[in-house]
Amino acid sequence: MKDDRPKRLLVCVNPISGPNKPCCGGDRNSEKLANALQAGLVERRIDCRVERIHCLNKCLQGPAMRIAPGGDFMLGVSETDIPVILDDLEALCGTKTDEETPDFSGFYPGG
Ligand code: FES
């Protein structure tokens, strides 16, 4: 059965590490990745939005992301992965028509 629910790219931006637990934010820079992905989605009119969350329970393998609902995890993401992720999202989600307004929710300029 086809899942028609809107797709979201969940990006862990948790900046708080623990004694034996690194985090995706902070030194791993996932907020910068989220910003770049959001900008790419808007520029390419990809019908998906970035949703910043605080932990995907993959802390040791971060920066962690996941396409929701029900997508695979993307782990150890770096800036060089962004074009491929955008290509995958475009193939999965399609692009918005000219009549549709880009979704800027979840986009925090300068964040
Ligand atoms: S801090 Fe990012 S997955 Fe846990």
Side-chain angles (χ1 to χ4, degrees):
M1 187 164 100
K2 187 172 185 270
D3 187 347
D4 290 330
R5 290 177 290 179
K7 298 285 191 272
R8 298 165 291 144
L9 179 62
L10 307 180
V11 179
C12 175
V13 295
N14 181 12
I16 301 171
S17 58
N20 295 311
K21 184 190 83 63
C23 60
C24 296
D27 292 346
R28 284 176 159 173
N29 230 355
S30 63
E31 185 67 45
K32 186 175 179 184
L33 297 172
N35 287 341
L37 285 160
Q38 181 65 47
L41 291 174
V42 170
E43 181 183 326
R44 293 170 58 166
R45 302 187 60 80
I46 298 171
D47 195 10
C48 180
R49 65 183 173 89
V50 167
E51 185 173 315
R52 290 160 172 80
I53 64 168
H54 285 176
C55 205
L56 284 163
N57 204 25
K58 299 287 184 185
C59 317
L60 296 176
Q61 300 157 286
M65 303 179 186
R66 185 179 194 189
I67 297 170
D72 293 332
F73 284 96
M74 292 171 264
L75 303 171
V77 176
S78 69
E79 288 186 60
T80 59
D81 299 318
I82 289 175
V84 173
I85 293 171
L86 290 171
D87 288 347
D88 289 348
L89 288 173
E90 185 171 350
L92 179 68
C93 305
T95 55
K96 296 178 181 183
T97 64
D98 285 342
E99 295 83 42
E100 294 174 295
T101 303
D103 181 1
F104 291 105
S105 65
F107 181 58
Y108 306 104

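Remember, it's 1-based here, ligands and their atoms both numbered in the order they're listed. Note that these values count all heavy atoms, side chains included, but never hydrogens, waters or copies made by symmetry.
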Just list the side-chain donor-acceptor pairs under 3.5 Å for residues 65-74, sequence neighbours left out, or say none.
{"unit_1": "R66", "atom_1": "NE", "unit_2": "G71", "atom_2": "O", "d": "2.6"}
{"unit_1": "R66", "atom_1": "NH2", "unit_2": "G71", "atom_2": "O", "d": "3.3"}

TODO: State plainly whether one hydrophobic cluster holds both L10 and L37, where clusters connect Ile, Leu, Val, Met, Phe, Trp and Tyr through side-chain heavy atoms under 4.5 angstrom apart.
DONE: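 Hydrophobic grouping puts L10 apart from L37.
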Task: Partners meeting side-chain contact (heavy atoms from CB on, under 4.5 Å) with P6 (sequence neighbours left out) - done: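 For P6, no residue satisfies side-chain contact (heavy atoms from CB on, under 4.5 Å) once neighbours in sequence are set aside.
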Task: Test item: H54 and C24 side chains (from C-beta on) under 4.5 Å apart, heavy atoms - done: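 With C-beta onward as the side chain, the pair stays apart.
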Task: Of the protein N/O/S atoms, how many lie under 2.8 Å from atom 4 (Fe) of ligand 1 - done: 2
- [ ] Ignoring hydrogens and angles, state whether a donor on the side chain of N35 or R52 is under 3.5 Å from an acceptor on the partner side chain.
- [x]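 There is such a pair between these side chains.
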Task: Residue pairs passing the salt bridge (Lys or Arg N to Asp or Glu O under 4.0 Å) test where at least one lies in residues 84-93, sequence neighbours excluded - done: R44-D87, R44-E90
